[in-house]
Amino acid sequence: MNESISKVVLAYSGGLDTTVAIKWFTEQGVEVVTFTAEIGQGTDLKDVEMRAYEAGAIKHYGLNLVDEFVKDYVAPAIRANAKYEGEYPLSSALSRPLISTKLVEIAEKEGADAVAHGCTSKGNDQVRFDITVRALNPDLKVVAPTRIWRWTRQQEMEYAKSRGLRIPESHSKYSIDQNLWGRSIEGGPVEDPWNEPPEDAFEWTVSPEKAPDHPEYLTLGFEEGLPSSLNGEVMGLSELIVELNSSAGKHGIGRIDHMESRIIGFKSREVYEAPAAVVILKAHKDLEKLVLTRRELQFKELADREWTNLVYEGLWGDPLRESLQEMIRRMNEFVTGEVRLKLYKGSAVVVGRKSQYAAYSLEVAGYDEGWYPTDEEARGFIQAWGLHTLMARAARRGVSKVGIG
Ligand code: ARG
């Protein structure tokens, strides 16, 4: 380590890298405070805490941040229809600014001069941590031990063994990161983009082949752009996400497999499971299409994409993210209503939608009765609508007749 520090707050997952990091810091005379965020990843936090102390931490923070994560990170992502490159619902990306914010708070409280994380030098997460921490407190140093020591997994295991560290039994061939918004599966057999992801990569979803033979219908209620009820039952957003992960996962919904353009200059093959995210984002977008005007929709797509890219690219701290988010929230003030979906063998299809603010009228749109423009009205509209185009074509042909009327 080339920076001199005396006390560090480490984002501790309980895995091999960060457990070795605790010992590695203490051997250099650095005091280590560990911090583990509970954001619905389903690990045994008591055991994580015990291992932190065994490895040499002087203090441990285990904080349940599920509601904060959902309210401040997942909710804006829903309103922004956030799917990076059209596929990835940003589950891991959204958690990094929250964890970074807490690292900074704890470091300030504990009088630490640095924070640390277990990211490698090839991933996006290091970028998100480093920039968010610096944006919040430029005086804190950010240390990434794995970037410094560059050991193989084997070397880490040997180091851990020689120091008597207890490492969680994990035979996973994959690198997993998960929270209630989704599960990222990287490495091992999925690194080759040609290989179909093996069944053992998945934990939250059954394969569509094994899903029930009968479809299930569900109704998702929205208020101001956020899901607020499931099948008529009012629910908090976290609870609703947990419930949907299980009910949509049972139908094989939420498996995502795509080529992802990383921040760090290369593409990687990424596999995700995100049943609730897939269902909610599909329903939300559909409801927006019922309520928002054509111009709002077209403009919002740009804002959504920019917000999504900023979050993916580690720029949560950029002022533009905040401004866009506020605009997107305002554009969702009338996105209230219900969406009915059919879940069946890996697909979630919207089969119905309604809203008190629908910019839709059966009277206007229906073919059978109601409002019908006269021939004259229709021709007048079409003439004005096409005039720019027709005049330009006529001019280029060298004729004066525009060709409508
Ligand atoms: N590619 C995704 C992202 O950049 C997933 C990252 C998963 N992180 C991990 N440490 N396995 O957001």
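Indexing begins at 1, ligand by ligand and atom by atom, following the structure's order.
Residue Tyr84 places every heavy atom at 4.0 Å or more from ligand 1. Using a 4.0 Å heavy-atom cutoff, Ser175 is listed among the residues neighbouring ligand 1.
Because its NZ or CZ atom is both nearer than 6.0 Å to the ring centre of Phe202 and within 45° of the ring axis, Arg255 counts as a cation-pi partner of that residue.
Neither the backbone nor the side chain of Leu90 comes within 4.0 Å of ligand 1, counting heavy atoms alone. In Arg262, neither the side chain nor the backbone holds a heavy atom less than 4.0 Å from any atom of ligand 1. The side chain of Arg128, and not its backbone, has at least one atom closer than 4.0 Å to an atom of ligand 1 (non-hydrogen atoms only; side chain from C-beta on).
Within the 4.5 Å cutoff, the side chain of Tyr88 has no heavy atoms near those of the Lys83 side chain.
Listed for the Tyr372 side chain is a donor-acceptor partner under 3.5 Å among the backbone atoms of Tyr367. Judged purely by atom type and a 3.5 angstrom limit, Arg269 uses its side chain to pair as donor or acceptor with the backbone of Asp192. Side-chain N or O atoms of Ser13 include one that pairs as donor or acceptor with a backbone N or O of Gly15 at under 3.5 Å.
Side chains of Gln154 and Tyr159: a donor-acceptor N/O pair is absent below 3.5 angstrom, by distance only.
In the vicinity of Tyr272, heavy-atom distances shorter than 4.0 Å reach the ligand 1 atoms 1 (N), 2 (C), 5 (C). Interface atoms of ligand 1 facing Asn124, defined by a heavy-atom separation under 4.0 Å, are 3 (C), 4 (O). Below 4.0 Å from some heavy atom of Tyr88 lie the following atoms of ligand 1, by number and element: 2 (C), 3 (C), 5 (C), 12 (O). For ligand 1, the atoms lying closer than 4.0 Å to a non-hydrogen atom of Asp125 are 6 (C), 7 (C), 8 (N), 9 (C), 10 (N). Those atoms of ligand 1 with a heavy atom of Glu260 less than 4.0 angstrom away are 1 (N), 2 (C), 3 (C), 4 (O).
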Evaluation steps, ring pair (Phe, Tyr, Trp, His ring centres under 6.0 Å), between Tyr357 and Phe334: CA-CA 6 Å; Tyr357 303 116; Phe334 297 97; 5.0 Å; yes

Working for ring pair (Phe, Tyr, Trp, His ring centres under 6.0 Å), residues Trp181 and Tyr73: CA-CA 10 Å; Trp181 195 233; Tyr73 298 85; over 10 Å; no

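At under 3.5 Å, not a single nitrogen or oxygen of Ser184, backbone or side chain, sits near a nitrogen or oxygen of ligand 1. Residue-to-ligand polar distances keep Ser92 apart from ligand 1: every N/O pair is separated by 3.5 Å or more.
With respect to the salt-bridge test (charged N to carboxylate O, under 4.0 angstrom), the residues Asp286 and Lys282 do not qualify.
From the protein, the heavy atom lying nearest to atom 6 (C) of ligand 1 is Glu186 OE2, 3.6 Å.
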